[in-house]
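Here the structure is laid out as structure tokens; the discussion comes afterwards.
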Amino acid sequence: MTLRTTLAAALAAGFFTSVSALSAAPAEAAALQSEAPATQPLLEATIADLRTGEPDTSNFSPELAEAVSGQQAMVDQFFAQAGALNDVIYQTSQQGADVYLVEFENVRTVWAIGMEGETITALAFQQAPPPGAAGQQPQE
């Protein structure tokens with residue numbers, strides 16, 4: 001299963017209930033940030049590692065490691081266009097995964113990371129609507 005297929009399956013299953021509902025108001029964002037789960041530093045490290053083009057997948061499930069390896073060219077292209085990482089903001093937890101708004105210099109994305117013990121079993125991302133889009137609260 002590829003990252004794209006994994007993401008499509010997650011979306012079809014309603015994993016992201018609504019991307020527009022995942023952007024908290026400024027006061028709520030501050031409260032959410034203080035409640036961010038332990039997956040946040042792991043997600044930040046995973047994103048940094050994926051950017052290298054040769055990620056260490058030793059803490060990924062075998063299926064996820066294979067999917068990431070098979071999609072590395074797409075991931076490389078994404079990071080080449082995304083620019084620098086600006087912010088990672090915890091949004092919610094759904095169906096056993098933690099969901100984050102991840103803002104890069106040139107794109108806003110929503111990432112989901114799922115864990116079983118110390119193993120990353122799910123990792124997916126999609127582009128988020130721009131701030132101010134229908135249903136979005138502007139971030140301050």
Would the distance check show the side chain of Arg108 and the main-chain N or O of Leu101 forming a donor-acceptor pair, the cut-off being under 3.5 Å?
no

Sorted by chain and number, sequence neighbours left out, side chain to side chain donor-acceptor pair (under 3.5 Å) with Asp76 holds for Gln72

4.5 Å side-chain heavy-atom contact, Val102 and Asp87
no

Listing, residues 115-123 side-chain donor-acceptor contacts under 3.5 Å, not counting sequence neighbours, or none:
unit_1 : atom_1 : unit_2 : atom_2 : d
Thr121 : OG1    : Gly114 : O      : 3.4

Do any pairs count as a ring-ring contact (aromatic ring centres under 6.0 Å, His included) and have a residue in residues 57-78, sequence neighbours left out, and if so which ones?
Phe78-Phe104, Phe78-Phe125

Test Gln126 against Thr109 for side chain to side chain contact (heavy atoms under 4.5 Å, CB included), laying out the working first.
CA-CA 5 Å; Gln126 71 177 33; Thr109 56; over 6 Å; no

Under the side chain to side chain donor-acceptor pair (under 3.5 Å) test, residues paired with Thr46 that sit two or more places apart:
none

Could you pull out the closest heavy-atom pair between Gly53 and Pro55, with the gap in Å?
C-CD, 3.5 Å

Apply side-chain contact (heavy atoms from CB on, under 4.5 Å) to Ser69 and list each qualifying residue two or more places apart in sequence or on a separate chain.
none

May I have the step-by-step check of side-chain hydrogen bond (donor to acceptor under 3.5 Å, both in side chains) for Thr39 and Tyr90, ending in yes or no?
CA-CA 9 Å; Thr39 55; Tyr90 173 71; over 6 Å; no

What residues, two or more places apart in sequence or in another chain, satisfy side chain to side chain donor-acceptor pair (under 3.5 Å) together with Gln81?
none

For Tyr100 and Ile89, run side chain to side chain contact (heavy atoms under 4.5 Å, CB included): C-alpha distance rounded to whole Å, both residues' side-chain angles, the deciding distance at 0.1 Å, then the answer.
CA-CA 5 Å; Tyr100 294 86; Ile89 305 163; over 6 Å; no

So, the side chain of Glu105 versus the backbone of Gly83: is there a donor-acceptor pair under 3.5 Å, distance only?
no

Could you walk me through whether Leu43 and Asp98 pass the side chain to side chain contact (heavy atoms under 4.5 Å, CB included) test, one step at a time?
CA-CA 10 Å; Leu43 177 61; Asp98 296 325; over 6 Å; no

Minimal heavy-atom distance between Arg51 and Leu85, with the atoms involved, is NH1-N, 4.1 Å

Non-neighbouring partners of Asp56 that pass side chain to side chain donor-acceptor pair (under 3.5 Å), sequence neighbours left out
Ser58

